[in-house]
Amino acid sequence: MILLAISAPRGTKDLLPGEVERWQYIEQVARDLSRSYGYQEIRTPIFEHTELFLRGIGDATDIVQKEMYTFKDRGGRSITLRPEGTAAVVRSYLEHHLDTQPQPVKLYYIGPMFRYDRPQAGRYRQFHQVGIEAFGSNDPSLDAEIVSFTWDYFQKLGLTDIQVEINSVGCPGCRPVYGRALQRFVEPYSGSLCDFCRDRLARNPLRLLDCKDTGCQEILADAPRLKDYMCDDCRMHFEKVQNYLQVAGVPVTVNEKLVRGLDYYTNTAFEVTCPGLGAQSSVAGGGRYNNLVETVGGPSIPGIGVAIGLERVLLALEKKGVPIPIEAPEIIFVATAGEGDFEAFRLMTELRRGGFPAEKDFLGRSLKAQMKSAGRMGARYVLLLGEEELREGKVTLRDMTSGTQTAIKREELFKVLAELRNRRQ
RNA sequence: GUGGGAGUAGCUCAGUUGGAUAGAGCAUCAGGUUGUGGCCCUGAGGGUCGUGGGUUCAAGUCCCAUCUCCCACCCCA
(Lines give C-alpha, C1' and ligand atoms only; values in the text may rest on other atoms or scores of the structure.)
Protein backbone atom coordinates (compact mmCIF):
# COMPACT_ATOMS: atom_id res chain seq x y z
CA MET A 1 0.00 0.00 0.00
CA ILE A 2 1.07 3.55 -0.50
CA LEU A 3 1.68 5.26 2.76
CA LEU A 4 0.22 8.71 2.58
CA ALA A 5 2.29 11.28 4.38
CA ILE A 6 -0.65 13.67 4.68
CA SER A 7 -3.69 13.01 6.81
CA ALA A 8 -6.75 15.12 7.48
CA PRO A 9 -5.81 17.96 9.85
CA ARG A 10 -6.31 17.40 13.52
CA GLY A 11 -9.90 17.71 14.64
CA THR A 12 -11.30 17.29 11.14
CA LYS A 13 -12.59 14.21 9.44
CA ASP A 14 -13.72 12.83 6.13
CA LEU A 15 -17.30 11.77 5.75
CA LEU A 16 -17.35 8.67 3.60
CA PRO A 17 -20.23 6.99 1.80
CA GLY A 18 -22.24 5.15 4.40
CA GLU A 19 -21.93 8.04 6.83
CA VAL A 20 -22.87 10.99 4.63
CA GLU A 21 -26.33 9.50 4.23
CA ARG A 22 -26.86 10.04 7.93
CA TRP A 23 -25.75 13.64 7.53
CA GLN A 24 -28.04 14.19 4.58
CA TYR A 25 -30.90 12.86 6.62
CA ILE A 26 -30.46 15.09 9.66
CA GLU A 27 -29.85 18.06 7.38
CA GLN A 28 -33.01 17.32 5.45
CA VAL A 29 -35.05 17.13 8.65
CA ALA A 30 -33.64 20.54 9.60
CA ARG A 31 -34.49 22.03 6.21
CA ASP A 32 -38.02 20.68 6.25
CA LEU A 33 -38.62 21.91 9.76
CA SER A 34 -37.13 25.32 9.00
CA ARG A 35 -39.52 25.66 6.13
CA SER A 36 -42.54 24.82 8.18
CA TYR A 37 -41.44 27.40 10.73
CA GLY A 38 -41.03 29.97 7.97
CA TYR A 39 -37.26 30.27 7.98
CA GLN A 40 -35.38 30.72 4.71
CA GLU A 41 -31.88 29.54 4.01
CA ILE A 42 -28.98 31.95 3.97
CA ARG A 43 -25.44 31.06 2.97
CA THR A 44 -22.66 33.31 4.13
CA PRO A 45 -18.91 32.95 3.52
CA ILE A 46 -16.97 30.48 5.60
CA PHE A 47 -14.49 33.23 6.48
CA GLU A 48 -15.04 36.82 7.49
CA HIS A 49 -13.00 39.80 8.54
CA THR A 50 -11.63 39.05 11.98
CA GLU A 51 -13.07 42.34 13.17
CA LEU A 52 -16.61 40.98 12.80
CA PHE A 53 -16.07 38.29 15.39
CA LEU A 54 -14.09 40.54 17.71
CA ARG A 55 -17.02 42.88 17.87
CA GLY A 56 -19.83 40.37 17.53
CA ILE A 57 -18.78 37.58 19.84
CA GLY A 58 -16.88 39.78 22.26
CA ASP A 59 -13.13 39.88 22.68
CA ALA A 60 -13.32 38.67 26.26
CA THR A 61 -14.81 35.31 25.28
CA ASP A 62 -12.81 32.11 25.05
CA ILE A 63 -13.80 31.73 21.44
CA VAL A 64 -12.07 34.95 20.50
CA GLN A 65 -9.23 34.65 22.97
CA LYS A 66 -7.99 31.21 22.08
CA GLU A 67 -10.14 29.37 19.60
CA MET A 68 -10.19 31.32 16.35
CA TYR A 69 -8.53 30.28 13.13
CA THR A 70 -7.14 33.66 12.17
CA PHE A 71 -4.68 34.40 9.41
CA LYS A 72 -3.55 37.17 7.11
CA ASP A 73 -4.53 36.80 3.48
CA ARG A 74 -2.26 37.84 0.64
CA GLY A 75 -3.67 41.32 0.75
CA GLY A 76 -2.68 41.71 4.38
CA ARG A 77 -6.26 41.52 5.68
CA SER A 78 -6.91 39.68 8.92
CA ILE A 79 -9.31 36.86 8.10
CA THR A 80 -10.98 34.39 10.46
CA LEU A 81 -12.71 31.11 9.75
CA ARG A 82 -16.13 31.54 11.28
CA PRO A 83 -16.31 30.04 14.78
CA GLU A 84 -20.11 30.38 14.88
CA GLY A 85 -22.90 31.40 12.58
CA THR A 86 -24.76 34.29 14.11
CA ALA A 87 -22.26 37.11 13.60
CA ALA A 88 -22.02 36.46 9.87
CA VAL A 89 -25.78 36.31 9.48
CA VAL A 90 -26.08 39.63 11.29
CA ARG A 91 -23.45 41.13 9.01
CA SER A 92 -25.25 39.87 5.95
CA TYR A 93 -28.60 41.10 7.24
CA LEU A 94 -27.13 44.59 7.54
CA GLU A 95 -25.06 44.52 4.38
CA HIS A 96 -28.08 43.64 2.25
CA HIS A 97 -30.50 45.89 4.10
CA LEU A 98 -32.77 43.05 5.12
CA ASP A 99 -34.08 45.42 7.78
CA THR A 100 -36.03 47.09 4.98
CA GLN A 101 -37.99 43.89 4.42
CA PRO A 102 -41.09 42.89 6.35
CA GLN A 103 -39.99 41.99 9.88
CA PRO A 104 -39.29 39.64 11.45
CA VAL A 105 -36.73 38.32 8.98
CA LYS A 106 -36.28 34.63 9.65
CA LEU A 107 -33.22 32.82 8.36
CA TYR A 108 -31.55 29.45 8.74
CA TYR A 109 -28.12 28.17 7.87
CA ILE A 110 -26.31 24.85 7.75
CA GLY A 111 -22.60 24.59 7.51
CA PRO A 112 -19.15 24.12 9.00
CA MET A 113 -17.73 26.20 11.84
CA PHE A 114 -14.12 26.27 13.03
CA ARG A 115 -12.66 26.46 16.48
CA TYR A 116 -9.12 25.72 17.53
CA ASP A 117 -9.99 23.47 20.46
CA ARG A 118 -8.45 20.28 21.68
CA PRO A 119 -10.52 17.52 20.04
CA GLN A 120 -12.61 15.37 22.31
CA ALA A 121 -15.74 13.24 22.22
CA GLY A 122 -18.27 15.33 20.33
CA ARG A 123 -15.84 18.16 19.74
CA TYR A 124 -13.98 18.91 16.56
CA ARG A 125 -12.03 21.77 15.06
CA GLN A 126 -14.31 21.74 12.07
CA PHE A 127 -17.80 21.01 13.22
CA HIS A 128 -21.21 21.66 11.77
CA GLN A 129 -24.19 23.59 12.93
CA VAL A 130 -27.68 24.24 11.78
CA GLY A 131 -28.94 27.48 13.15
CA ILE A 132 -31.95 29.72 12.84
CA GLU A 133 -32.06 33.45 13.46
CA ALA A 134 -34.97 35.87 13.66
CA PHE A 135 -34.49 39.63 13.46
CA GLY A 136 -36.65 42.61 14.11
CA SER A 137 -38.90 41.53 16.93
CA ASN A 138 -38.54 41.44 20.67
CA ASP A 139 -41.79 39.60 21.12
CA PRO A 140 -41.54 36.78 23.66
CA SER A 141 -43.55 34.50 21.40
CA LEU A 142 -40.62 34.63 19.00
CA ASP A 143 -38.32 33.41 21.76
CA ALA A 144 -40.75 30.58 22.31
CA GLU A 145 -40.83 29.83 18.58
CA ILE A 146 -37.08 29.38 18.52
CA VAL A 147 -37.11 27.04 21.50
CA SER A 148 -40.08 25.21 20.04
CA PHE A 149 -38.24 24.74 16.75
CA THR A 150 -35.31 23.26 18.60
CA TRP A 151 -37.57 20.97 20.58
CA ASP A 152 -39.42 19.80 17.49
CA TYR A 153 -36.18 19.07 15.70
CA PHE A 154 -35.06 16.62 18.33
CA GLN A 155 -38.51 15.09 18.54
CA LYS A 156 -38.58 14.54 14.80
CA LEU A 157 -35.24 12.81 14.93
CA GLY A 158 -36.42 10.54 17.69
CA LEU A 159 -34.21 12.05 20.38
CA THR A 160 -36.93 12.27 22.94
CA ASP A 161 -34.93 12.26 26.14
CA ILE A 162 -33.37 15.69 25.67
CA GLN A 163 -33.52 18.36 28.33
CA VAL A 164 -34.20 22.02 27.69
CA GLU A 165 -32.95 24.49 30.25
CA ILE A 166 -33.84 28.11 30.03
CA ASN A 167 -32.94 31.29 31.82
CA SER A 168 -32.94 35.03 31.43
CA VAL A 169 -29.65 36.86 31.69
CA GLY A 170 -31.31 40.27 31.82
CA CYS A 171 -30.46 43.29 29.77
CA PRO A 172 -27.69 45.92 29.81
CA GLY A 173 -29.86 47.82 32.25
CA CYS A 174 -30.21 45.25 34.99
CA ARG A 175 -27.48 42.73 34.39
CA PRO A 176 -24.54 44.94 35.45
CA VAL A 177 -26.35 45.83 38.65
CA TYR A 178 -26.64 42.17 39.46
CA GLY A 179 -23.05 41.54 38.40
CA ARG A 180 -21.82 44.07 40.93
CA ALA A 181 -24.00 42.58 43.64
CA LEU A 182 -22.60 39.16 42.88
CA GLN A 183 -19.06 40.49 42.99
CA ARG A 184 -19.68 42.10 46.36
CA PHE A 185 -21.08 38.86 47.69
CA VAL A 186 -18.30 36.61 46.41
CA GLU A 187 -15.33 38.86 47.08
CA PRO A 188 -14.86 37.78 50.74
CA TYR A 189 -14.55 34.17 49.54
CA SER A 190 -12.41 34.87 46.50
CA GLY A 191 -9.50 32.97 48.02
CA SER A 192 -11.54 29.75 47.99
CA LEU A 193 -12.68 30.06 44.40
CA CYS A 194 -11.26 27.83 41.70
CA ASP A 195 -8.55 29.33 39.50
CA PHE A 196 -10.93 30.00 36.66
CA CYS A 197 -13.50 31.74 38.81
CA ARG A 198 -10.93 33.96 40.47
CA ASP A 199 -10.20 35.21 37.00
CA ARG A 200 -13.88 35.43 36.05
CA LEU A 201 -14.83 37.35 39.16
CA ALA A 202 -13.49 40.63 37.85
CA ARG A 203 -14.08 40.16 34.12
CA ASN A 204 -17.40 38.39 33.83
CA PRO A 205 -18.90 37.62 37.24
CA LEU A 206 -22.02 35.95 35.82
CA ARG A 207 -19.89 33.11 34.54
CA LEU A 208 -19.30 32.12 38.16
CA LEU A 209 -22.83 30.83 38.25
CA ASP A 210 -22.37 27.87 35.93
CA CYS A 211 -18.99 26.80 37.28
CA LYS A 212 -18.92 23.06 37.90
CA ASP A 213 -16.47 23.27 40.78
CA THR A 214 -18.24 22.11 43.94
CA GLY A 215 -16.33 24.56 46.10
CA CYS A 216 -17.52 27.46 43.98
CA GLN A 217 -21.06 26.13 44.02
CA GLU A 218 -21.04 26.02 47.82
CA ILE A 219 -19.94 29.61 47.98
CA LEU A 220 -22.71 30.57 45.61
CA ALA A 221 -25.42 28.71 47.47
CA ASP A 222 -26.65 31.83 49.21
CA ALA A 223 -25.57 34.30 46.56
CA PRO A 224 -28.02 36.92 45.32
CA ARG A 225 -30.33 35.78 42.56
CA LEU A 226 -30.39 37.32 39.14
CA LYS A 227 -34.16 37.28 39.08
CA ASP A 228 -34.28 39.55 42.13
CA TYR A 229 -32.31 42.17 40.22
CA MET A 230 -34.09 41.91 36.90
CA CYS A 231 -35.92 44.98 35.66
CA ASP A 232 -39.64 44.76 35.15
CA ASP A 233 -39.39 44.48 31.38
CA CYS A 234 -36.95 41.59 31.57
CA ARG A 235 -38.98 39.85 34.23
CA MET A 236 -42.17 40.12 32.23
CA HIS A 237 -40.45 39.04 29.05
CA PHE A 238 -39.10 35.92 30.71
CA GLU A 239 -42.47 35.07 32.19
CA LYS A 240 -44.21 35.41 28.87
CA VAL A 241 -41.65 33.27 27.10
CA GLN A 242 -42.41 30.52 29.59
CA ASN A 243 -46.12 30.99 29.10
CA TYR A 244 -45.82 30.67 25.35
CA LEU A 245 -43.68 27.59 25.73
CA GLN A 246 -46.35 26.06 27.88
CA VAL A 247 -48.89 26.76 25.17
CA ALA A 248 -46.60 25.10 22.63
CA GLY A 249 -46.23 22.09 24.89
CA VAL A 250 -42.48 22.42 25.16
CA PRO A 251 -41.26 21.25 28.55
CA VAL A 252 -38.43 23.40 29.85
CA THR A 253 -36.61 23.64 33.13
CA VAL A 254 -35.66 27.03 34.47
CA ASN A 255 -32.02 27.01 35.44
CA GLU A 256 -31.12 30.25 37.15
CA LYS A 257 -27.46 29.45 36.81
CA LEU A 258 -27.48 28.99 33.07
CA VAL A 259 -25.36 31.77 31.64
CA ARG A 260 -23.66 30.60 28.42
CA GLY A 261 -20.39 31.72 27.05
CA LEU A 262 -21.26 34.15 24.33
CA ASP A 263 -21.33 37.73 25.49
CA TYR A 264 -24.05 38.88 23.18
CA TYR A 265 -26.98 37.18 24.85
CA THR A 266 -29.68 39.30 26.47
CA ASN A 267 -32.81 38.10 28.17
CA THR A 268 -33.53 34.58 27.03
CA ALA A 269 -30.72 32.05 27.09
CA PHE A 270 -31.32 28.35 26.68
CA GLU A 271 -29.47 25.13 26.22
CA VAL A 272 -30.41 21.64 25.15
CA THR A 273 -28.52 18.70 26.58
CA CYS A 274 -28.67 15.03 25.80
CA PRO A 275 -27.69 12.61 28.56
CA GLY A 276 -25.10 9.97 27.81
CA LEU A 277 -23.00 11.95 25.38
CA GLY A 278 -19.98 12.23 27.63
CA ALA A 279 -18.56 15.52 28.77
CA GLN A 280 -19.88 17.45 25.79
CA SER A 281 -23.56 16.84 26.36
CA SER A 282 -24.81 20.13 25.00
CA VAL A 283 -26.43 19.57 21.64
CA ALA A 284 -27.92 23.01 21.07
CA GLY A 285 -27.75 26.44 22.55
CA GLY A 286 -29.26 29.78 21.83
CA GLY A 287 -30.75 32.94 23.07
CA ARG A 288 -31.77 36.47 22.42
CA TYR A 289 -29.24 39.07 21.32
CA ASN A 290 -30.92 42.44 21.30
CA ASN A 291 -27.68 44.39 21.14
CA LEU A 292 -25.73 42.35 18.67
CA VAL A 293 -26.92 44.11 15.52
CA GLU A 294 -25.99 47.43 16.99
CA THR A 295 -22.65 46.12 18.22
CA VAL A 296 -21.77 44.95 14.74
CA GLY A 297 -22.50 48.43 13.46
CA GLY A 298 -26.17 48.52 12.58
CA PRO A 299 -29.25 50.12 14.03
CA SER A 300 -30.76 48.84 17.24
CA ILE A 301 -32.56 45.75 16.04
CA PRO A 302 -33.41 42.83 18.30
CA GLY A 303 -32.63 39.27 17.34
CA ILE A 304 -32.80 35.74 18.64
CA GLY A 305 -31.48 32.42 17.46
CA VAL A 306 -30.25 28.95 18.19
CA ALA A 307 -27.44 26.74 16.95
CA ILE A 308 -27.60 22.97 16.90
CA GLY A 309 -24.45 20.88 16.81
CA LEU A 310 -24.79 18.25 14.12
CA GLU A 311 -21.88 16.06 15.20
CA ARG A 312 -23.49 15.77 18.60
CA VAL A 313 -26.89 15.08 17.12
CA LEU A 314 -25.38 12.21 15.16
CA LEU A 315 -23.51 11.03 18.23
CA ALA A 316 -26.73 11.03 20.22
CA LEU A 317 -28.62 9.15 17.51
CA GLU A 318 -25.88 6.57 17.49
CA LYS A 319 -25.68 6.24 21.27
CA LYS A 320 -29.42 5.84 21.58
CA GLY A 321 -29.57 3.47 18.67
CA VAL A 322 -32.19 5.57 16.91
CA PRO A 323 -32.69 4.13 13.42
CA ILE A 324 -32.13 6.42 10.47
CA PRO A 325 -34.24 5.89 7.39
CA ILE A 326 -31.91 5.57 4.43
CA GLU A 327 -33.27 4.76 1.04
CA ALA A 328 -30.91 2.99 -1.29
CA PRO A 329 -31.75 2.97 -4.99
CA GLU A 330 -32.83 -0.31 -6.55
CA ILE A 331 -30.00 -1.11 -8.86
CA ILE A 332 -30.34 -3.09 -12.06
CA PHE A 333 -27.07 -4.76 -12.94
CA VAL A 334 -26.45 -5.51 -16.60
CA ALA A 335 -24.27 -8.60 -16.91
CA THR A 336 -22.65 -10.16 -19.92
CA ALA A 337 -21.26 -13.60 -20.66
CA GLY A 338 -18.10 -13.02 -22.61
CA GLU A 339 -18.89 -10.75 -25.54
CA GLY A 340 -21.50 -8.02 -25.63
CA ASP A 341 -20.09 -5.27 -23.48
CA PHE A 342 -21.13 -2.60 -26.00
CA GLU A 343 -24.69 -3.86 -25.75
CA ALA A 344 -24.46 -3.92 -21.98
CA PHE A 345 -23.24 -0.35 -21.97
CA ARG A 346 -26.05 0.65 -24.33
CA LEU A 347 -28.68 -1.06 -22.18
CA MET A 348 -27.27 0.40 -18.95
CA THR A 349 -27.40 3.87 -20.46
CA GLU A 350 -30.97 3.40 -21.67
CA LEU A 351 -32.02 2.18 -18.25
CA ARG A 352 -30.49 5.18 -16.53
CA ARG A 353 -32.09 7.59 -18.96
CA GLY A 354 -35.36 5.80 -18.37
CA GLY A 355 -35.08 6.43 -14.65
CA PHE A 356 -33.76 3.06 -13.54
CA PRO A 357 -30.46 3.17 -11.63
CA ALA A 358 -28.20 0.75 -13.45
CA GLU A 359 -24.68 -0.64 -13.27
CA LYS A 360 -22.46 -2.97 -15.21
CA ASP A 361 -19.06 -4.55 -14.79
CA PHE A 362 -16.08 -2.30 -15.39
CA LEU A 363 -13.29 -4.77 -14.81
CA GLY A 364 -13.79 -7.30 -17.58
CA ARG A 365 -14.86 -9.91 -15.10
CA SER A 366 -16.34 -13.35 -15.63
CA LEU A 367 -20.09 -13.76 -15.39
CA LYS A 368 -19.67 -15.46 -12.07
CA ALA A 369 -17.67 -12.54 -10.73
CA GLN A 370 -20.22 -10.12 -12.17
CA MET A 371 -23.00 -11.91 -10.31
CA LYS A 372 -20.95 -11.75 -7.18
CA SER A 373 -20.42 -8.02 -7.39
CA ALA A 374 -24.07 -7.48 -8.33
CA GLY A 375 -25.05 -9.33 -5.21
CA ARG A 376 -22.61 -7.38 -3.12
CA MET A 377 -23.79 -3.99 -4.30
CA GLY A 378 -27.29 -5.04 -3.40
CA ALA A 379 -28.65 -5.07 -6.94
CA ARG A 380 -32.34 -5.89 -7.08
CA TYR A 381 -32.21 -7.33 -10.60
CA VAL A 382 -29.60 -8.60 -12.97
CA LEU A 383 -30.21 -8.36 -16.69
CA LEU A 384 -28.15 -10.99 -18.45
CA LEU A 385 -27.10 -10.30 -22.01
CA GLY A 386 -25.55 -13.56 -23.14
CA GLU A 387 -24.90 -14.87 -26.64
CA GLU A 388 -28.29 -16.49 -26.79
CA GLU A 389 -30.12 -13.36 -25.62
CA LEU A 390 -28.23 -11.18 -28.10
CA ARG A 391 -29.05 -13.55 -30.90
CA GLU A 392 -32.74 -13.65 -30.06
CA GLY A 393 -33.18 -10.01 -29.09
CA LYS A 394 -33.97 -10.88 -25.48
CA VAL A 395 -32.63 -10.34 -22.00
CA THR A 396 -32.75 -12.63 -19.00
CA LEU A 397 -34.18 -10.90 -15.97
CA ARG A 398 -33.00 -12.36 -12.69
CA ASP A 399 -34.65 -11.34 -9.46
CA MET A 400 -31.77 -11.34 -6.99
CA THR A 401 -34.03 -11.74 -3.99
CA SER A 402 -35.94 -14.79 -5.15
CA GLY A 403 -33.41 -16.11 -7.63
CA THR A 404 -36.06 -16.60 -10.32
CA GLN A 405 -35.26 -15.82 -13.94
CA THR A 406 -37.41 -15.01 -16.95
CA ALA A 407 -36.60 -14.32 -20.57
CA ILE A 408 -37.97 -11.02 -21.83
CA LYS A 409 -38.02 -9.50 -25.29
CA ARG A 410 -35.92 -6.36 -25.48
CA GLU A 411 -38.84 -4.24 -26.68
CA GLU A 412 -40.89 -5.28 -23.66
CA LEU A 413 -38.19 -4.79 -21.09
CA PHE A 414 -39.13 -1.29 -19.94
CA LYS A 415 -42.78 -2.22 -19.71
CA VAL A 416 -41.93 -5.18 -17.49
CA LEU A 417 -39.55 -3.17 -15.30
CA ALA A 418 -42.13 -0.41 -14.87
CA GLU A 419 -44.75 -2.98 -13.86
CA LEU A 420 -42.41 -4.53 -11.34
CA ARG A 421 -41.68 -1.15 -9.88
CA ASN A 422 -45.32 -0.16 -9.67
CA ARG A 423 -46.22 -3.42 -8.02
CA ARG A 424 -43.84 -2.70 -5.17
CA GLN A 425 -44.97 0.85 -4.59
C1' G B 1 -3.13 25.41 26.77
C1' U B 2 -3.02 21.00 30.83
C1' G B 3 -3.51 15.73 32.22
C1' G B 4 -4.35 10.21 31.28
C1' G B 5 -4.60 6.07 27.63
C1' A B 6 -3.41 4.17 22.72
C1' G B 7 -0.85 3.67 17.70
C1' U B 8 1.27 -3.76 14.16
C1' A B 9 -2.37 -5.31 6.72
C1' G B 10 -8.30 -1.54 4.36
C1' C B 11 -10.96 -3.21 9.36
C1' U B 12 -10.69 -5.99 14.32
C1' C B 13 -6.61 -7.73 16.73
C1' A B 14 -2.37 -11.71 18.10
C1' G B 15 2.96 -11.29 18.52
C1' U B 16 6.11 -14.99 25.16
C1' U B 17 11.61 -12.43 29.76
C1' G B 18 14.37 -8.19 23.12
C1' G B 19 16.12 -13.48 18.90
C1' A B 20 15.48 -16.06 12.28
C1' U B 21 11.78 -14.17 5.71
C1' A B 22 5.96 -10.13 11.24
C1' G B 23 0.75 -13.62 11.83
C1' A B 24 -4.89 -14.65 12.13
C1' G B 25 -10.00 -13.49 11.07
C1' C B 26 -12.85 -10.31 8.08
C1' A B 27 -12.51 -7.37 3.59
C1' U B 28 -10.43 -7.05 -1.66
C1' C B 29 -9.05 -9.75 -6.21
C1' A B 30 -8.64 -14.49 -8.85
C1' G B 31 -9.79 -19.63 -9.27
C1' G B 32 -12.94 -24.29 -7.84
C1' U B 33 -13.88 -26.85 -16.48
C1' U B 34 -17.87 -24.27 -21.33
C1' G B 35 -23.48 -18.73 -19.15
C1' U B 36 -25.24 -17.38 -12.91
C1' G B 37 -24.39 -14.04 -6.60
C1' G B 38 -25.24 -15.27 -1.16
C1' C B 39 -22.60 -20.93 1.82
C1' C B 40 -18.06 -23.66 1.33
C1' C B 41 -12.87 -24.68 -0.43
C1' U B 42 -8.04 -22.93 -2.64
C1' G B 43 -4.77 -19.12 -3.83
C1' A B 44 -2.93 -14.07 -4.46
C1' G B 45 -2.02 -8.99 -3.45
C1' G B 46 -1.41 -5.83 0.72
C1' G B 47 2.82 -3.95 6.46
C1' U B 48 10.16 0.36 6.06
C1' C B 49 5.15 -2.53 13.11
C1' G B 50 2.70 6.14 13.36
C1' U B 51 7.47 9.03 12.46
C1' G B 52 12.58 10.30 13.93
C1' G B 53 16.51 9.37 17.12
C1' G B 54 18.99 6.24 20.93
C1' U B 55 20.48 1.54 23.80
C1' U B 56 21.96 -3.49 21.95
C1' C B 57 25.44 -8.55 18.49
C1' A B 58 20.04 -8.14 17.69
C1' A B 59 14.18 -3.68 18.65
C1' G B 60 7.25 -4.73 16.80
C1' U B 61 9.15 -5.58 21.95
C1' C B 62 13.42 -1.17 26.03
C1' C B 63 14.44 4.59 26.42
C1' C B 64 13.64 9.75 24.50
C1' A B 65 11.31 13.11 21.26
C1' U B 66 7.48 14.10 17.86
C1' C B 67 2.78 13.38 15.30
C1' U B 68 -2.09 11.42 15.34
C1' C B 69 -6.34 9.21 17.66
C1' C B 70 -9.33 8.37 22.12
C1' C B 71 -10.86 10.29 27.02
C1' A B 72 -11.00 14.24 30.54
C1' C B 73 -10.00 19.59 32.24
C1' C B 74 -11.04 24.44 30.11
C1' C B 75 -14.82 25.87 26.83
C1' C B 76 -18.70 24.99 23.82
C1' A B 77 -22.21 22.76 19.28
Side-chain angles (χ1 to χ4, degrees), chain A residues 1-13 16 18 57 61-68 82-86 110-131 150 194-197 199-200 204 207 210-213 259-262 271-274 277-286 305-316 333 335-340 361 363-390 396-405:
Chain A
M1 104 182 217
I2 302 148
L3 231 160
L4 203 57
I6 300 171
S7 58
R10 180 164 209 198
T12 69
K13 63 174 183 174
L16 303 178
I57 301 171
T61 58
D62 278 28
I63 291 179
V64 169
Q65 295 242 306
K66 51 183 201 188
E67 293 173 6
M68 294 209 303
R82 62 180 186 197
E84 57 97 57
T86 304
I110 297 181
M113 307 294 161
F114 306 86
R115 287 184 205 171
Y116 192 88
D117 253 352
R118 195 81 177 258
Q120 192 181 326
R123 196 173 72 186
Y124 301 90
R125 290 185 172 179
Q126 176 177 333
F127 61 103
H128 299 77
Q129 291 184 330
V130 40
T150 311
C194 72
D195 295 347
F196 302 107
C197 282
D199 187 47
R200 289 195 268 247
N204 194 353
R207 294 308 312 264
D210 60 3
C211 179
K212 286 178 218 157
D213 186 272
V259 176
R260 302 195 51 74
L262 281 66
E271 183 166 8
V272 180
T273 54
C274 186
L277 280 198
Q280 311 299 329
S281 62
S282 166
V283 290
V306 64
I308 301 169
L310 295 183
E311 277 81 1
R312 292 182 187 175
V313 167
L314 253 0
L315 199 61
F333 190 98
T336 55
E339 300 303 305
D361 170 60
L363 294 173
R365 285 192 269 219
S366 67
L367 176 60
K368 186 188 178 109
Q370 290 179 53
M371 293 301 294
K372 210 177 211 174
S373 74
R376 238 180 322 232
M377 73 172 66
R380 180 66 214 266
Y381 299 106
V382 167
L383 289 176
L384 176 56
L385 279 177
E387 281 175 50
E388 204 182 312
E389 286 86 347
L390 289 172
T396 296
L397 174 71
R398 179 183 179 85
D399 184 322
M400 293 295 274
T401 320
S402 64
T404 55
Q405 297 191 172

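Every chain is numbered from 1, with letters handed out A, B, ... down the list of sequences. Just so you know, these numbers use all the heavy atoms, side chains as well, and skip hydrogens, waters and symmetry mates.
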#### Entry: Rounded distance in Å between the P positions of G50(B) and C57(B)
24 Å
### Task
For Gln370(A), answer base if it contacts any base atom (sugar-phosphate contacts may also be present), sugar-phosphate if it contacts only those atoms, and nothing otherwise; contact means non-hydrogen atoms under 4.0 Å.
nothing
### Task
Any strand is fair game: report the nucleotide pairing with C40(B) by Watson-Crick or G-U wobble, both distances under 3.5 Å, or none.
G32(B)
## Note on the structure
Smallest heavy-atom separation, Ala284(A) atom then Val306(A) atom, equals CB-CG2, 4.4 Å
### Counter-base of A77(B), judged by Watson-Crick or G-U geometry with both distances under 3.5 Å
none
### Message
Taking only side-chain N and O atoms of Arg123(A), does any of them lie within less than 4.0 angstrom of OP1 or OP2 on C74(B)?
### Response
no
### Query
Taking only residues two or more places apart in sequence, or in another chain, which ones meet Ser281(A) in a side-chain hydrogen bond (donor to acceptor under 3.5 Å, both in side chains)?
none
### Query
Roughly how many Å is it from CG in Leu383(A) to P in U36(B), rounded to a whole number?
17 Å
### Task
Rounded off to whole Å, could you give me the CD-to-C1' distance for the Glu84(A) and A77(B) pair?
11 Å
### Residues which pass salt bridge (charged side-chain N to carboxylate O under 4.0 Å, His left out) with Lys368(A), listed by chain and number, not counting sequence neighbours
none
### Task
Using the test side-chain hydrogen bond (donor to acceptor under 3.5 Å, both in side chains), find all partners of Arg115(A) that sit at least two apart in sequence or belong to another chain.
none
### Query
Can you give one letter per nucleotide of nucleotides 66-71 of chain B, 5' to 3': B if a protein heavy atom sits under 4.0 Å from the base, S if only from the sugar-phosphate, - if neither?
--SS-S
### Message
Given 3.5 Å as the limit, does a donor-acceptor pair link the side chain of Glu311(A) with the main chain of His128(A), or not?
### Response
yes
#### Entry: 5′-ward residue of the pair Val283(A)/Leu277(A) relative to RNA chain B
Leu277(A)
### Query
Can you tell me the Watson-Crick or wobble partner of A24(B), both distances under 3.5 angstrom?
U12(B)
### Message
Determine whether a donor-acceptor pair (one donor, one acceptor, N or O, separation below 3.5 Å) exists between the side chain of Glu389(A) and the base of G35(B).
### Response
yes
### Distance below 4.0 Å between Arg365(A) side-chain N/O and C29(B) OP1 or OP2
yes
#### Entry: Whole-angstrom distance between A9(B) and G15(B), as gauged at atom P
15 Å
### P spacing across the pair U28(B) / G37(B), given as an integer number of angstrom
16 Å
#### Entry: Sidechain-backbone polar pair: Arg125(A) side chain, Asp117(A) backbone, donor-acceptor under 3.5 Å
yes
### Partner nucleotide of G18(B) by Watson-Crick or wobble geometry (both distances under 3.5 Å)
none
### Task
Rounded to whole angstrom, note down the P distance from U33(B) over to U51(B).
44 Å
### Task
Check every strand shown and say whether Phe196(A) touches a base, only sugar-phosphate, or nothing at a heavy-atom separation below 4.0 Å.
sugar-phosphate
### Task
Taking atom P in both A65(B) and G46(B), compute the distance separating them and give it to the nearest angstrom.
36 Å
#### Entry: Base U36(B) paired with Gln405(A) side chain (donor-acceptor, <3.5 Å)
yes
### Query
Excluding sequence neighbours, so at least two apart, what forms side-chain contact (heavy atoms from CB on, under 4.5 Å) with Ala307(A)?
Tyr109(A), Gln129(A)
### Message
Tell me which nucleotide, if any, is Watson-Crick or G-U wobble paired with U66(B) when both distances must be under 3.5 Å.
### Response
G50(B)
### Task
Consider the side chain of Arg260(A), meaning its heavy atoms from C-beta on, and name the nucleotide among C76(B), G38(B), U36(B) that approaches it most closely.
C76(B)
### Task
Examine G31(B): is either OP1 or OP2 under 4.0 Å from a nitrogen or oxygen in the side chain of Lys368(A)? Give yes or no.
no
### Message
Taking ring pair (Phe, Tyr, Trp, His ring centres under 6.0 Å) as the definition, give me every residue that meets it alongside Tyr116(A), ordered by chain and number, with sequence neighbours left out.
### Response
Tyr69(A)
### Distance, P atom - from C64(B) to G23(B), rounded to whole angstrom
30 Å
## Note on the structure
Taking a pair to mean Watson-Crick or G-U wobble geometry with both distances below 3.5 Å, U2(B) pairs with A72(B)
### Message
Can you tell me whether the side chain of Arg376(A) and the base of G38(B) have a donor-acceptor pair closer than 3.5 Å?
### Response
no
